[in-house]
Amino acid sequence: MQLLDPPADKKSLLEDEALDAAAEWHALFCSGEADEDDESAFNLWLSESDLNYWAWGQLEQLQKRFERVPAPLMQNTFSSVDRRFRQHRRHLLIKAAFVLAAAPMGWMAHRNGLLDGVVADYHTATGEIETLNLADGTRVMLNTASALDVRFYDNERRVILKRGEILIQTSENKQDKRPFIVETEFGTVRALGTRFSVRTSSDRSLVSVYEHSVAVTNDQGVTQICSEGYSISFNQQTLSSPISGTVSDAWKQQMLIADNMPLSLFLTEISRYRGGIVDFDPVLAEYRISGAFKTTDTDQALRAVEKAFPVRVNYRTRFWVTVSPEKK
Amino acid sequence: MSSSEMNVRAQLHDLYAENHPWLIARLRSRLGCSQQAADFAQDTFVRILTGCQVQHRFPEIRDPHSYLATIANRVLVDHFRRNALEAAYLEALAQQPELFEISPEERLLQLECLYEIDAMLTGLGANVKRAFLLSQLQGQPYAKIATEINVSVSSVKKYMAKATAHCLKFMLRNQI
């Protein structure tokens, strides 16, 4: 089924607002933190309009849905369904491999529209980059180990960055009035102009703007405009002021460019393109590295590190590398 | 039939006539099966027709292939998602023999309910969904959920409000 469309008219907007409020009240009462003042405020809200009263009643309807299936049964079903679903999708992908092998070279470099790759979603493997041409003319590049869902509707163009990093060049088509929105776990980025990147990790998202500007809103609803040459970091609780500087987009040419970069950060970056683990001693942050490195040859980068710094690179396995200061 | 309804029918007919062969071919190469391709292509157009009936208009389509691919993808995803839910449900049933006394009709109803709730929870972030299910299905207090998913209690409260609001709106949009 589709995700939620935004409200279509004033009536729907008011209904949504009432439902939002009902949900907030419900969460407050379930948290056990509500006091007498809260209860008075709630009663006031409830009697304010028929809509509020209706919204509160909807909670009971929701509860009834959940009670149709015994809780342990529902719980066990939902805990294993995602794994099974992924297996089915992999099945679909394997069959598609035959199609990819036969495709002409020009088509391999760009993927146009959907029904390609993972059904309705895109992902890149470690060390892989990919360019997408979306139906509206926007170009999106996915960096290593990234996953992106594309959800275009009649009234908005939304992409959901589930992990990794993307570079976006929105289309020149001024006739498309739909807002372009990048969503991560921590908030949304609304394109007001052309070129920017979004990167997400387990605890925050980072936006860098190369041309014009974007509006960044975190889960708490705080908004900040980020202009050309600046970056903003955000998660549920925080939204930084615009920071001067942008993350390098050299990865689009499969390069990692270090400019006086702490070695620890460099090794973390290398591990994104290599896969597996690159373990390192935190004291390595004291060393600084500069240079241009191919993201497609991480072994070469590691050799360069070993040559330039008093460190030992230990290849415990192909996918487990440790870098430690050399003991003299 | 009103003139606007006829207009919608005409546009849908054109969309079908011009693109149905392409869609079937695409699906066939993806799925490796002609029968399935035909079924899914059909489901795709049915879904578009339903959308027209609900919204009382034909959608504005800039690129028919991209549009059809999007809708077809949703049909495919729903299909595979339901398969996965059914398999997970049957396994969960098998693990609780006392619940095996549920009649076949009741099992079908429960499965439908699971499809609905699964669709309802789609689109929630991983942590939000987890928090919601821990509260709803296991009755865990917010403090316990907070430690379990490693966030603050105030985040749990926000997640719960967000998830609940999403579910309520979903019910409203889909008139269930």
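Predicted, not measured: the structure shown is a model, and the values here were computed from it. Lettering of chains follows the sequences in order, A, B, ..., and the numbering in each one begins at 1.
For Phe42(A) and Trp56(A), the gap between ring centers is short of 6.0 Å.
The ring-ring contact (aromatic ring centres under 6.0 Å, His included) search around His20(B) returns Tyr16(B), Phe45(B), not counting sequence neighbours. Lys162(B) is linked by a side chain to side chain donor-acceptor pair (under 3.5 Å) to nothing, counting only residues two or more places apart in sequence or in another chain. For Phe66(A), the ring-ring contact (aromatic ring centres under 6.0 Å, His included) criterion is met by Phe132(B), not counting sequence neighbours.
Neither the backbone nor the side chain of Val128(B) comes within contact range of chain A; no heavy atoms are under 4.5 Å apart. If you measure heavy-atom distances from Lys169(B) to chain A, the contacts under 4.5 Å come from both the backbone and the side chain. Glu86(B) does not touch chain A: none of its heavy atoms, backbone or side chain, sits under 4.5 Å away. Interface residue Gln61(A): backbone and side-chain heavy atoms are both found under 4.5 Å from chain B. The parts of Asp82(A) that come within reach of chain B are both its backbone and its side chain, each placing non-hydrogen atoms under 4.5 angstrom from that chain.
Within residues 133-144 of chain B, the residues approaching chain A closer than 4.5 Å by heavy atoms are, in numerical order, Leu133(B), Gln136(B), Leu137(B), Gln138(B), Tyr142(B).
Judged purely by distance below 3.5 Å, without hydrogens or angles, the side chains of Glu130(A) and Tyr122(A) never pair a donor atom with an acceptor atom. When only modelled atom types and interatomic distance are considered, Asn133(A) and Thr131(A) share no side-chain donor-acceptor pair under 3.5 Å.
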